[in-house]
Structures are given as structure tokens and as C-alpha cells.
Amino acid sequence: MTATVILWGHALAALLFAGLALSQLRAGTVSVPRTAFLVALGLTALWALAVAGIGAGDVVTKVAESVRNLGWLGFMFALLRRDAGARRDRAVKTIYGVIALVAAAGIVLAIVPASSAVQGVSAVRVLLRMMVAVGALVLVNHLYSLVAPAARGGIRMAVIALATMWLADLALYTAAYLGGDWPEVLIAARGVVMAAIVPVLAIAVHRNGDWTLNISRTVTWQSLTLVALTIYAMTTVLVISAIEAFGGGYARLAQTAFVFGSAAALLTLLSSPTIKAWLRVMVAKHLFRHRYDYRAEWVRFTETLGTPGESAPPLEERIVKAVADLTDSPAGLLLVADGAALALGTGWQWPGDPPSHVATDELTVFFADGAHIVELDSVRTGRATREELAAVPQWMLDHHAAWAVVPLVHVKTLIGAILLARPPIDRSLDWEDFDLLRIAGRQVASYLAEARAHEQLADARRFDEFNRRFAFILHDVKNLVSQLTLVARNAERHADNPDFRADMIATLQDSAGRMNDLLARLSQHHSGRADDPQAVELMPLAERVARRRGGSHAVIVSGSRDALALADPGRLEQALGHLIQNAVEASSGGDPVTVTVGHASIEIADTGRGMNAAFVRDHLFRPFVSTKPGGFGIGAFEARQVIQTMGGTLDVISREGEGTRFTISLPTAIAPSRMERAA
């Protein structure tokens, strides 16, 4: 019964395939895909006829089956090549060529007779057929994924028919490989399946239109991976068979060593970042027209920048990583615009510590003028322009890992720059790198500018909140003033009344307590309008503030007693008080705060916990940012504002674990002459 189904099922399939080929031959339309389709139909008809007339296990039938597979691979290749360019042809030829070689190897093994000298040849034959079927199924999926969505209706039925054919082959080959014999039931079922897919192919021909194809990097990588694994598996089987034939008593040990050794070598190669990077570069260089898959890169870029959640890295770190991932750079360093220079920002896996002064004014001007990406290797070898040679700081050139500098420009304003580390596979930047990095730099610059705008808006909102709170305090002060005014008015009439005096004292104590509470809520003194600058002796002023602010903590004042500066004494005393109080609170109990008076300058130093560069740059002089519980965080902000209004500057140097040093620099005052002092 099974033999009858095999005979008539394959005979019917041969008749149907031949009839479909003849019907298409009479259509008269000539094209490469149609010709390949007719050839594949004819070869399939001959193979089915051989199975029905000779048998599935005959050498002629096996050869015909491999030729049939080559025919359908040629048809799919003709569809792909129709709209492919030169570099796309390389990718397609590589994938299809390897599968065709595997099919051709099956033809050779089918012709070579098996003998006892070469054991395992039959298993290799079946394994090669399985590999062809699996590879063909992947290529069928490849074909469907590359067709434009509007044209998939015309090819969907053909894809279903080819996938069904090779799935039937794979089921038969798998059963034969595992069982060691060819199950006649599956052979018969395959004949029925082959006859059933002919109407499906006929519908596909009827619906066929113009196929527009676009190569897919993802599918290409999958196909190349499958080809590599197929070659690895085929090589492993052949080597194991050879070891079994010629290994003698040590065959089993040699086979085990080879399997484990080859698997370990393969895993080592696949896990190596350098090998992966080299493979990506080679594939992009030789198989594709462009180095980058711009859609995939942009999706990854935006996902890195927009990573949500509190556990996500800070925005500056995400910006560096997003740009570094574009060129496979393992690290990056953000430089932020700080006045006329570039200051150190956040780093992402950057090796070593960059210097505190990271960039020159010339580099800032160079980037602001043209937003030109600097390739540091060109500067090192002297191939760069004169402007680049003058602008790039020496420490970047001395750091071998430094590879390229990408400016971040937003609306013709330099926001910063990103220093990229050298990728695992060292190479020179080309036009694609420059274009992609330039666009990415503008994009992340807009992110940074938007983040700064949000910070400024948040500061304005905090000021509004502070003003509202101050308005509430003023309302309470008004109530206290009214209450005290009433007490003073009644005191004129009832001052001799003991009960009134007792009530007045209680009222005054309550008012004083409430006013102290208001001052604690306000937390900072209200600064009025600055007086005209005058010559101020700095040493007496510093000693007076140190005595008042020091309290139980030692504050040592030293320096020049003849130092004079132009300043508003009251506001300078207020600013100095803020800085000394901060230094006292940052110091431990046994470490004194030192105040050194110099020529028109005052230096306040402590050996406390210190601050990192990022906090000093981004948070120290921002209002309402405080590391102290309940602090308003406007002391340092107010001190700098006060000093700047007097024409001076406030500089800070701080290191974590070592302490902080503030330096107030003021305009110099001319000392009065002896006659003026006498007058």
C-alpha cells in the first residue's frame, strides 16, 4: 500500500509540475526570474518522475533531488538579484553560494559508493541534505522579508509552497538520520505534499507582480551565521568519521578531544569583542554599500538617550554612551562649555584621569566656528590642518586611547564636545563616520541644551516658591508688628498695672520666639542694595567675622594687615560669613578653618570632605541645592553674587576627601598717604 502511494503520489506530482511548466512556457513572457522558475519546475518534475519510476534510494534520484534544490535556489537568487546592487550581489552570492556548495557536495557523496573503509558516509549524506533543507528554509524567509510590503501578496503563496517542500524534506531526513533507515510512510507523504503544492504555485504565478527587493542586514547576519554553523557541523561530522575510520583504539578519545576543542575554540572566537568588531567591519565593508545600518543605529541611539527610570544612568553619561556606540568605541568623555573653555564633564568607562584643565581656548574657538570633527591620529601624524594642530591640547595627543573629538553644537552655540576612545578594530574615520557623528553631535547637543533649559526653569520655579514663602513670612511679621504696636500703645496708659506688665512681658517673649522661628524659616539674610565701594581693611573685617562665626570651632586668621580692597563692608562681611560658616560645617571637630588675607584677596580653606568637579561645576553655585539637611542652598550662590556685584571674583578648588579652598579676589584700593591719614 505504501509503495503504491509513493508511486502514484510522485507520478501525480511530476505530471502537475510538468503541466505548470508547459502552461508558463506558452505564456511567452521572458525574464530571468520566469526562466529560472520554469527550469525549477522542470527539474522538480524530473525528480518526482525518478522517485516514482526508479525509487527514492537510487543514485539517480538522489542526484536529481540535489539538482532540484539547486534549481529552486537559482529561482530565489534570480528574484533577489533583480534589484540588487553590486555590493548586495556579494552578500547574496555568499549566502546562496555556500548552500549551493553543500548541495553539490551531496551530489558527489551520492555518486561515491559507500564502503567499509569509509564509515559514516551514509550519515554524512543525510546530514548534508538536512543542512540544505534548513539553509533553504532560512533563505525562503530571507526572500519574503526582503520583498516590499506592497508586493508580498504576489510572493506569499510561492514562499508557502517552497517552505512546505523543504519542511517535508527536513522531516524525512531527520527521521532517516535518527532512525538509520528511510521510513516509507514519510516518503509517501512527501509525494502527496509535492502534488499539493503545485496549485499553490499556480496561484502564486497568477498573483505575481513586480517584486521590489531591499537587502536586510539582520537576515544577512542570520544567514551567514547559519552558513557558518552548517560548515562547522559538516566539518565536525567529516572529521569524526575520519577519526573513527583511521583512529584505531584511540578513536573515541580523539573524537571527544576534537569535539570539545573545536567547540571551545568556536565559543572563544564568538565571545571575543575584537573578533566581533572585525567581523562587523569586514561584512559592512565587503557586503554592503554603506558601513552603517542607519535605521538600526538611530533606533539604538534614541533608546540609549531616552532610557527611562530612576535606575538609568545620568543624561550626560547616556549621551556619551549613545555617541560612542555608533562607532563601537569602548569609552568616551564629555567636555562641557564653561565660558571660553571646555571643562571636564561626565565620563563613560574612560581609562585614567584626564587633567583638570582639559581643553584650550583655541579648541573652543575652533569648534564654535565650524563644528568640525577632529581625528586625533591625523593630528598626531601631522596630516591635519594648521588650525587643528594649534587647537588640540597636548594631553589628548599623548593619550593613545583618544581617537576622535566630536563637537556638540546647538543653534550655532557650542554646548560641549565628546572625546571618543579608539574602537577595538583601529581604523581611520571616513565620510560616513563624519556624517553620522556630526548629526549625532547636533542631536545630543539639543538634549543638553534642553536639559539646561529645564534646570533654569526649575531654578525660576524655586525662586517663585521662595518668594511665596517670603510673602507668607512678611504677613506674619506684619501681624507681629501690629501686636507689638498695640502693646506699646497700651503701655502708656497701663504701665503701672502689674498684671499688664506681666502680660506685656509674656507677649514680648512670645513675639520674640515667633520672630526667631520666622528667621529660621527664612534661613538667609535679606540682602539690600549695595553701597558704593570704599577702601576696606581686610584683616580687621576677617577677624571680626571669624570671631562671630567661629564659635566653638577654631578659625585661624593670618596674612597681611595692610591689605586694602574696594568693597561694600557690610556685603563683604555677609559673603565672608557665608563662606566661613560653610567651611566650619564641612570640617570635623579637630581641624581648624584657615582664613588667609592677601593682597586684595581673602582665602578660606578647610580640610573637610570636599566636593567633586561635577558638583562644583553644576550644583555648588546653583540656588536651593544644599548638602545640608534643611538648608536653603543659597549661601554660596549669594556669596558669589555679592562679590561679583562689587567687581570681584570667587574661585573654588576642591577635592573629595582633601578639603575645599575658596578665594575672594577684589579690586585693589590705594592706601591713603601719611598726610591724608593725619588729616
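Residue numbers start at 1 and run along the sequence shown. Side chains are part of it too, since the values below use all heavy atoms of this structure and drop only hydrogens, waters and symmetry mates.
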Should Thr649 and Ile643 count as side-chain neighbours, where that means a heavy-atom distance under 4.5 Å?
->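 Result no, sub-4.5 Å side-chain heavy-atom pair not found.
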Are any of the side-chain heavy atoms of Asn612 and Arg617 separated by less than 4.5 Å?
->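 No, side chains not in contact.
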In terms of side-chain geometry, is the basic nitrogen of [X] or [Y] positioned less than 4.0 Å from the acidic oxygen of its partner?
X: Glu656; Y: Arg609; value: no
X: Arg68; Y: Asp169; value: yes
X: Asp651; Y: Arg661; value: no

Closest contact, heavy atoms only, [X] versus [Y]:
X: Val379; Y: Ala384; result: CG2-CB, 3.7 Å
X: Ala451; Y: Leu315; result: CB-CD2, 3.6 Å
X: Val336; Y: Leu344; result: CG2-O, 4.4 Å
X: Ala324; Y: Trp348; result: CB-CZ3, 3.6 Å
X: Phe75; Y: Ala36; result: CA-CB, 3.6 Å
X: Met130; Y: Thr174; result: CE-OG1, 3.9 Å

Ignoring hydrogens and angles, tell me if any N or O in the side chain of [X] forms a donor-acceptor pair with the backbone of [Y] under 3.5 Å.
X: Arg125; Y: Leu109; value: yes
X: Glu375; Y: Leu429; value: yes
X: Ser329; Y: Ala421; value: yes
X: Asp430; Y: Asp433; value: yes
X: Trp166; Y: Val132; value: no
X: His410; Y: Tyr447; value: no

In short, salt bridge (charged side-chain N to carboxylate O under 4.0 Å, His left out) pairs touching residues 405-418 with sequence neighbours left out are none
Is the closest side-chain donor-acceptor distance between His372 and Glu388 under 3.5 Å?
-> yes
Mind checking whether Phe301 and Trp298 have parallel, tilted or perpendicular rings, split at 30° and 60°?
->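 It falls in the parallel class, under 30°.
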Considering residues at least two apart in sequence or located in another chain, which fulfil the side-chain hydrogen bond (donor to acceptor under 3.5 Å, both in side chains) criterion with Asp377?
->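 Listed in chain order: Arg380, Arg422.
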